[in-house]
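Below is one structure, written out as structure tokens; comments come after it.
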Amino acid sequence: MREEIAMSTHPGRTGTEPGPIEVTARRLDAIAEQVLWLSTSIIHHANRVRPNPSGLKVGGHQASCASMVSIMTSLWFDQLQSGDRVSVKPHASPVLHSLNYLLGDLEERHLTTLREYGGLQSYPSRAKDPDTVDYSTGSVGIGATAPIWGAIARRYVQTSTGHAGSGRQYSLVGDAELDEGAVWEAIVDPAVAELGEVVWIVDMNRQSLDRVVPTIAAGRLEAMFRAAGWQVITVTFGALLESLFARPGGAALRARIVEMPNAEYQRLLRCTPEQVRDRLPGDGPGADEISRLIADLDDATLSAAIRNLGGHDMAALIEAYRQIDDSRPTVIIAYTIKGYGLPTEGHPQNHSSLLSVVEYEGFAADLGRDPAHPWGRFDGGSELAELCADTAGRLRRDPVPDRPSLTVPGDSGRTPKGTSSTQAGLGRVLLDLTRSAPEIAKRVVTVSPDVSSTTNLAGWVNKVGVWSASERRNWFDDDPETLMHWRERPTGQHMELGIAETNLVGLMGELGATWSRWGEPLFPIGVMYDPFVERALEPWSYGIYAGGQSILVGTPSGVSLAAEGGAHQSIKTPSIGLEQPGCISYEPAFGIDVEWTLLASIGRLGRPDGSSAYLRLSTRPVDQSLAAVPEDPAARERRRRQVVAGGYPLVRRDYPAVTIVAMGAIVPEALAAADRLEQAGVAADVLCVTGPGLLFEACQARRGQASAETWILDQLLPAERATPMVTVLDGHPHTLAFLATVNRVPSIALGVSNFGQVGSLDDVYRHHGIDTDSIVRAALDVTA
């Protein structure tokens with residue numbers, strides 16, 4: 001009989017080695033039934049049992065869980081090895097917790113805490129869930145692509161330190177997630193076609209939140225994956241339907257099911273057997289053959305047959321896993337039914353619907369479960385309990401090694417001279433690091449979307465090379481006119497993807513998580529044009545939430561990129577840096593500020609209490625002597641600490657009448673304005689802000705609303721020097737406006753609040769009111 005067929009015997013993937021407990025379809029189906037019961041009960045308890053004083057819907061996705069149960073059960077109990085990692089589609093998180101519970105990785109007390117404060121998260125979270133979660137998912141599409149970048153991160157660690165092992169990277173993807181453009185940006189990136197360890201399993205239930213999607217066509221999806229170099233395996237039907245297709249009239253039945261619209265098929269799932277007999281044949285040329293074929297089936301067999309899709313058939317799934325070709329990425333498209341096995345099965349609006357108490361009790365009766373005591377495991381000593389124990393043992397991982405002790409220098413001791421931009425400072429700091437701290441530099445990995453040369457990384461790339469899993473010949477090595485040498489090798493430290501910022505930050509997030517996966521911290525620095533930070537913000541933010549610590553460098557930035565016009569001038573990014581959780585933002589004005597803030601940001605990476613950083617740089621050449629870096633070592637260190645903490649005084653006057661607070665590229669205008677005001681008899685202090693978010697946190701802490709240190713406010717804005725204030729930056733003015741509240745002084749906030757204009761730097765600054773004249777006028781107005 002089919003249910004006794006051996007699927008695999010583990011360990012290994014071939015199914016030929018002897019193992020303690022044989023995995024059969026019967027056993028897998030029994031485990032899947034318990035997983036379905038547990039996942040449904042976890043959601044039911046959160047919504048129908050646990051007290052809910054607010055009356056607001058708690059939510060959960062019982063139907064989305066049900067469509068994944070067979071896929072996940074077969075994957076965990078037959079296929080996975082300890083080195084594998086799995087990204088679980090967001091709405092199937094209760095299935096993951098149910099599996100972990102059966103495998104002894106989750107205590108019973110957590111099963112009643114779904115979506116409760118401090119309990120199981122709404123969607124899988126590496127940082128917040130108490131059980132094993134390989135990838136945080138939740139924002140549709142981001143979790144799907146994370147294992148791609150995880151595969152590259154693992155390969156990078158393995159080639160650089162040899163301590164990451166091997167294993168497949170699985171993504172369990174809902175078919176609606178394939179609507180996300182970011183998914184296809186990742187699939188078609190040329191680097192991905194080489195990642196044979198990447199396996200996607202698509203839950204093809206053909207439903208979205210609101211409806212049965214009428215136009216999902218597996219054939220089109222298959223062709224798109226194949227065009228990108230992926231192996232495509234489609235699991236359409238189960239054994240029962242395949243046996244019917246082999247009978248007289250079977251070819252007509254197959255054609256009828258394949259060709260019928262998604263919605264028509266879904267409607268059959270809601271029909272009685274009598275209605276199925278009437279509707280299934282249709283009115284096409286094979287209708288009579290289909291009628292004769294199904295006339296011989298009893299009602300139970302007919303109902304089972306119409307539901308017998310490949311994504312719920314253990315033998316079909318295991319056969320698909322055995323076909324995986326590890327020389328290229330693989331996608332398994334598994335046809336499923338949303339809500340499979342539940343009373344809401346196949347309903348077009350079942351996405352977030354919940355079983356009523358009556359439906360739940362009926363469901364329990366059908367399965368022979370006690371709704372009052374839903375949290376059972378398999379009886380000790382039973383074959384299913386032993387299979388759970390065997391599987392848990394196979395999947396058990398060694399503890400993550402302690403990260404090495406690393407000390408990042410804070411200061412090179414050099415002071416930039418002449419005229420230079422903060423963007424140019426980036427490349428100089430990285431090259432200096434290879435000489436002053438080679439053990440730190442070797443853990444730096446830079447990433448860019450085809451803008452390495454235009455963001456001043458050329459010298460760094462020439463020095464460290466481009467990372468590739470295998471060495472590739474550089475055919476321009478002997479070309480004397482080629483200044484940027486693209487040497488690809490396993491020891492390289494720069495990665496370049498196609499022009500897709502979402503891919504870039506996805507890779508940064510996984511490179512920034514290697515310390516927590518394998519105990520090997522990396523220092524990823526991603527560089528992109530600052531106007532495109534907004535495009536990359538969601539996946540980068542989600543990467544930070546998931547524990548990936550990285551440095552994002554946005555350059556060139558602001559309307560200071562005058563000749564490029566509004567299409568390439570960023571306005572809102574200073575606000576993004578201030579508001580992004582888990583991130584410290586800097587906008588340095590001088591080369592020395594770039595060095596100090598970048599080194600401090602690297603020092604915060606790859607550690608349990610670490611954080612990400614965002615540096616906003618400019619191509620504007622600035623006289624470096626304006627930084628007035630102290631020569632005394634103690635005074636220099638004091639300045640460095642101020643720069644890293646958020647700001648420092650540049651000009652202090654006796655008896656100031658006004659304070660000009662500037663950030664980044666506008667600091668020269670602020671200094672020029674102060675000089676002109678001095679000539680007019682108005683003494684002006686000038687403060688250079690490097691980290692507005694840090695200053696805001698200090699303000700909050702002073703009011704008891706945060707836990708940040710506040711000393712920087714005492715040094716930057718002491719009460720005895722409180723004067724009316726003008727703030728100015730190349731970005732939205734509200735970024736610095738809050739500083740007037742420190743000493744509650746009158747203020748005028750200058751900045752950019754309209755789309756940019758093309759022109760010379762003077763013309764553009766004048767247009768937006770951030771030029772020297774505008775600062776002088778504002779200072780006179782606020783002191784009038």
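Everything numeric here is computed off the predicted structure, so don't read it as measured data.
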Within 6.0 angstrom of Glu579 CD, more than 12 heavy atoms from elsewhere: yes
Arg636-Thr415 side chain donor-acceptor pair, cut-off 3.5 Å: yes
Tyr614 side chain vs Val553 backbone, donor-acceptor pair below 3.5 Å: no
Any side-chain donor near an acceptor of the partner, Ser570 and Asp530, under 3.5 Å: yes
4.5 Å side-chain heavy-atom contact, Phe77 and Leu99: yes
Within-4.5 Å side-chain heavy-atom neighbours: Phe532 and Pro449: no
Mutual orientation of the aromatic rings belonging to Trp184 and Phe225 [parallel < 30°, tilted 30-60°, perpendicular > 60°]: tilted
Rounded distance [0.5 Å steps], SG in Cys388 versus OH in Tyr101: 11.0 Å
Thr330 versus Gln231, side-chain donor and acceptor atoms under 3.5 Å: yes
Name of the residue among Leu426, Leu598, Thr690 meeting side chain to side chain contact (heavy atoms under 4.5 Å, CB included) with Leu615: Leu598
Aromatic plane relationship, Tyr123 with His91 - under 30° parallel, 30 to 60° tilted, over 60° perpendicular: tilted
Interatomic spacing from CG in Leu430 to CD in Glu595 - rounded to 0.5 Å: 11.0 Å
Identified side chain to side chain contact (heavy atoms under 4.5 Å, CB included) partner of Val533 from the options Met528, Arg616, Glu501: Met528
Residue pair Thr555 / Gln423, side-chain donor-acceptor N/O under 3.5 Å: yes
Arg403 side chain to Gly606 backbone, donor-acceptor under 3.5 Å: yes
Spacing of Ser82 atom OG and Arg394 atom CZ [to the nearest 0.5 Å]: 9.5 Å
Ile592 and Val643, any side-chain heavy atoms less than 4.5 Å apart: no
Check: Ile544 main-chain N/O paired with Ser612 side-chain donor or acceptor under 3.5 Å: no
Pair Arg604, Ser611: side-chain N/O donor-acceptor within cut-off below 3.5 Å: no
Exercise: identify the closest heavy-atom pair between Ala600 and Val644: CB-CG1, 3.7 Å
Gap separating the CG atom of Leu511 from the CG atom of Leu605, nearest 0.5 angstrom: 11.5 Å
Donor-acceptor contact below 3.5 Å, side chain Thr502 vs main chain Ala536: no
Main-chain N/O of Pro531 paired to Arg535 side chain as donor or acceptor, under 3.5 Å: no
Chi angles and distances behind the side-chain hydrogen bond (donor to acceptor under 3.5 Å, both in side chains) call for Glu520, Thr514: CA-CA 6 Å; Glu520 293 288 351; Thr514 58; over 6 Å; no
Short side-chain donor-acceptor distance under 3.5 Å, Arg428 and Ser420: yes
Reported CZ-to-OG distance for the pair Arg115 and Ser122, which is rounded to 0.5 angstrom: 4.0 Å
Atom pair CD1 (Ile712) and CD (Glu709), whose distance is rounded to the nearest 0.5 Å: 10.0 Å
Set of residues satisfying salt bridge (charged side-chain N to carboxylate O under 4.0 Å, His left out) with respect to Arg414, sequence neighbours excluded: Asp432
Arg517 charged N/C atom sitting above Tyr135 aromatic ring, 6.0 Å / 45°: yes
Any side-chain donor near an acceptor of the partner, Thr434 and Trp460, under 3.5 Å: no
Asp84 side-chain N/O to Arg168 backbone N/O, donor-acceptor pair under 3.5 Å: yes
Donor-acceptor pair, side chain of Ser601 and main chain of Thr597, under 3.5 angstrom: yes
Under 3.5 Å side-chain donor-acceptor pair for Thr491 and Trp467: no
Polar side-chain atom of Thr161 near backbone of Gln158 as donor-acceptor pair, under 3.5 Å: no
Sequence neighbours excluded, every pair satisfying side-chain hydrogen bond (donor to acceptor under 3.5 Å, both in side chains) that has a member inside residues 141-154: none
His163 and Trp518, any side-chain heavy atoms less than 4.5 Å apart: no
Residue pair Thr132 / Asp105, side-chain donor-acceptor N/O under 3.5 Å: yes
Salt bridge present between Arg155 and Glu197 (N-O < 4.0 angstrom): yes
Residues Thr137 and Tyr542: side-chain donor-acceptor under 3.5 angstrom: no
Check: Val157 main-chain N/O paired with Ser160 side-chain donor or acceptor under 3.5 Å: yes
Donor-acceptor pair between His110 and Asp131 side chains, under 3.5 angstrom: no
Carboxylate-amine/guanidinium contact Arg397 Asp134, below 4.0 Å: yes
Backbone N/O of Phe590 and side chain of Thr422: donor-acceptor pair under 3.5 Å: no
